[in-house]
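Take a look at the structure set out below.
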Amino acid sequence: MSALGALSGGAAGVAGLLSLRRRAAPPPSGLATPAHLPPLKCAVLPDAGQLVWGRQLRPALLPAALLPPQPARRHALCPPAAAAASGEAKPAGFLDKYPALVTGFFFFMWYFLNVIFNILNKKIYNYFPYPYFVSLIHLVVGVVYCLISWSVGLPKRAPINSNLLKLLFPVALCHALGHVTSNVSFAAVAVSFAHTIKALEPFFNAAATQFVLGQQVPLSLWLSLAPVVIGVSMASLTELSFNWTGFINAMISNISFTYRSIYSKKAMTDMDSTNVYAYISIISLLVCIPPALIFEGPQLMQHGFSDAIAKVGLQKFVTDLFLVGLFYHLYNQLATNTLERVAPLTHAVGNVLKRVFVIGFSIIVFGNRITTQTGIGTCIAIAGVAMYSYIKARIEEEKRKKSA
């Protein structure tokens with residue numbers, strides 16, 4: 001019994017040797033158990049080693065007479081350098097070594113595609129002023145892109161059922177309405193002015209949070225929105241391209257995207273963002289077909305297509321529509337992927353800088369004349385959006401830390 005006591009006492013010190021544990025083979029039939037020791041109760045459990053009376057023991061603690069013959073096994077412990085040399089650990093690649101450069105590349109491509117989309121979109125409206133149909137083309141090209149991506153498994157298509165459709169339909173409906181009204185605004189007024197009006201979107205978000213969701217919005221956020229409202233008002237009063245069609249549709253777009261955000265929070269699923277956006281694009285396409293046919297179908301058939309082809313030619317017309325749809329889908333998809341890689345504060349700053357880039361490049365490319373008051377109002381509005389985004393990101397970060 002003294003050997004048995006030594007076994008149970010030494011078992012407590014073997015927890016650090018879990019990585020070296022072995023599964024002993026059943027003792028051979030010819031091995032005799034000493035008469036002065038009771039038979040050992042052993043069990044072999046998956047990934048748990050040898051258990052004797054519920055304790056894990058080192059084979060070295062057992063008397064030599066009780067040890068079964070062990071097959072020749074090698075347990076070579078390689079140092080990190082040797083493991084890497086043997087191919088067990090691969091050296092870090094470029095993407096792992098420089099994550100900041102990768103994120104910066106994502107931001108660059110997001111801004112670049114967004115600017116190209118806005119410029120090409122406006123150029124199309126200069127010779128083909130049919131925003132409902134162009135909006136439809138944006139979604140058609142995006143859906144075709146998604147279907148091809150699914151067919152090659154990049155990404156693998158996530159399954160969907162009736163419950164998920166019920167959750168995603170309100171999001172897609174708001175997305176479709178916001179997308180169409182944005183394009184109506186872009187067709188009616190200068191791109192820079194349309195984006196200045198769309199800078200009011202944080203105001204509608206705050207209002208919906210306070211009065212629709214019933215969540216208290218801090219006073220600091222409301223105060224930061226004052227420059228946004230003042231700046232947009234100043235820019236609107238003296239904007240040379242101002243008209244009510246562009247202004248009202250940009251405002252409807254703001255409201256639509258606000259409700260899209262609300263419904264998106266209620267429609268949180270386990271799907272990845274790429275699949276979610278693909279399904280939203282498909283539903284939005286189906287929603288946008290009827291208004292395009294009703295509002296612009298007869299005009300397109302009578303003279304819309306023929307006039308555009310006469311101005312730029314069939315090849316350029318088709319190429320422009322395809323490219324603008326491709327850029328639209330890619331910049332939205334890349335924006336989602338980019339914002340998943342960064343913190344909320346970086347997300348907020350990125351959104352503001354994107355709008356600055358679009359406004360600046362559109363003024364340069366189209367040579368839009370703006371008054372001094374419009375320029376000052378635009379700068380005030382953008383500064384207000386930046387202040388709002390910074391304060392909101394800080395509040396969200398504090399909430400996250402408290403919940404953690």
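Aromatic rings of Phe186 and His195 (six-membered ring for Trp) have centroids within the 6.0 Å cut-off, being under it. Checked against a 6.0 Å centroid threshold, the rings of Phe133 and Phe305 count as neighbours.
Residues Cys174 and Phe257 fail the side-chain proximity criterion, which asks for heavy atoms closer than 4.5 Å. The shortest distance between side-chain heavy atoms of Ile283 and Leu173 does not fall below 4.5 Å. At least one side-chain heavy atom of Cys288 sits less than 4.5 Å from a side-chain heavy atom of Val180. In this structure the side chain of Asn121 reaches within 4.5 angstrom of the side chain of His138, judged on heavy atoms. The shortest side-chain heavy-atom distance between Ile255 and Met251 does not fall under the 4.5 Å cut-off. Between Leu177 and Thr181 the shortest side-chain heavy-atom distance falls below 4.5 Å.
Checked by atom type and distance alone, the side chain of Ser389 never pairs as donor or acceptor with a backbone atom of Ala386 at under 3.5 Å. Although no hydrogens or angles enter the test, the distance criterion places no donor-acceptor pair under 3.5 Å between the side chain of Asn114 and the main chain of Trp110. Panel note: side chain Asp320, backbone Gln315; no donor-acceptor pair is recorded below 3.5 Å. Ser362 places no side-chain N or O within 3.5 Å of a backbone atom of Val191 that could act as its donor or acceptor partner. Although no hydrogens or angles enter the test, the distance criterion places no donor-acceptor pair under 3.5 Å between the side chain of Ser253 and the main chain of Asn249.
Taking the six-membered ring for Trp and thresholds of 30 and 60 degrees, Phe112 and Phe108 have nearly parallel ring planes, at less than 30 degrees apart. Between Phe317 and Tyr127, the two ring planes are perpendicular [angle over 60°; tilted spans 30° to 60°]. Ring orientation note: the planes of Tyr277 and His329 are tilted relative to one another, at an angle of 30° to 60°.
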**Study point:** Test side chain to side chain contact (heavy atoms under 4.5 Å, CB included) applied to Leu164 and Asn161, step by step
**Key:** CA-CA 5 Å; Leu164 287 176; Asn161 53 38; 3.5 Å; yes
Point to revise | Steps toward side chain to side chain contact (heavy atoms under 4.5 Å, CB included) verdict (Phe193, Ser236) | key: CA-CA 8 Å; Phe193 181 53; Ser236 300; 3.5 Å; yes
Exercise for review: Run the numbers on Ile370 and Leu240 for side chain to side chain contact (heavy atoms under 4.5 Å, CB included), then give the verdict.
Suggested key: CA-CA 7 Å; Ile370 60 173; Leu240 299 177; over 6 Å; no
Exercise for review: Start with the C-alpha gap between Val102 and Phe105, add the side-chain angles, then the distance that decides, and say whether side chain to side chain contact (heavy atoms under 4.5 Å, CB included) holds.
Suggested key: CA-CA 5 Å; Val102 177; Phe105 176 76; 5.6 Å; no
**Study point:** Trace of the side-chain hydrogen bond (donor to acceptor under 3.5 Å, both in side chains) decision for Tyr132 with Asn183
**Key:** CA-CA 8 Å; Tyr132 287 89; Asn183 278 280; over 6 Å; no
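Shortest non-hydrogen contact noted between Val385 and Ala199 is CG2-O, 3.4 Å. Minimum interatomic distance between Lys316 and Val312 (heavy atoms only, all atoms of both residues): CB-O, 3.5 Å. Closest approach of Thr258 and Ala208 over heavy atoms only: CG2-CB, 3.5 Å. Nearest heavy-atom pair, Ala190 versus Ser241, reported as atom, atom and distance to 0.1 Å: N-OG, 3.2 Å. Nearest approach of Ala188 to Asn243, heavy atoms of both residues: O-ND2, 2.8 Å. The shortest non-hydrogen separation linking Arg157 to Tyr279 is NH1-OH, 2.8 Å.
Atom CZ of Phe203 sits in a sparse spot, with 12 or fewer heavy atoms from other residues, nucleotides or ligands closer than 6.0 Å. Few gaps surround NZ on Lys354; more than 12 heavy atoms of other groups in view lie less than 6.0 Å from it. Phe247 CZ: more than 12 foreign heavy atoms inside a 6.0 Å radius.
How far CD1 of Ile359 is from CD1 of Ile382: 4.0 Å, rounded to the nearest 0.5 Å. Taking CD1 of Ile380 as the reference point, atom CD of Gln373 lies at 9.5 Å (rounded to 0.5 Å). To the nearest 0.5 Å, atom CE of residue Met387 and atom OG of residue Ser220 are 11.0 Å apart. For the atom pair CG of Asn118 and OH of Tyr331, the computed distance is 6.5 Å after rounding to the nearest 0.5 Å. Rounding to the nearest 0.5 angstrom, the gap separating the CE atom in Met271 from the OG1 atom in Thr274 is 11.5 Å. Atom CG in Asn126 sits 6.5 Å away from atom CZ in Phe366 (nearest 0.5 Å).
In the model, Tyr328 has a side-chain atom that pairs as donor or acceptor with a side-chain atom of His179 under 3.5 Å. Between the side chains of Ser182 and Lys198, at least one donor-acceptor pair of N or O atoms lies under 3.5 Å. For Thr374 and Thr371, the side-chain atoms include at least one donor-acceptor pair closer than 3.5 Å. Gln210 and Gln215 share no donor-acceptor pair across their side chains, judged by distance under 3.5 Å alone.
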Show me the donor-acceptor pairs, under 3.5 Å and distance only, between side chains in residues 139-156 and residues at least two apart or in other chains.
residue : atom : partner : partner atom : Å
Ser149  : OG   : Tyr145  : O            : 2.9
Trp150  : NE1  : Asn275  : OD1          : 2.9
Ser151  : OG   : Ile148  : O            : 2.5

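Look at Glu398 and Lys401 and you find no salt bridge, because none of the NZ, NE, NH1 or NH2 atoms lies under 4.0 Å from a carboxylate O.
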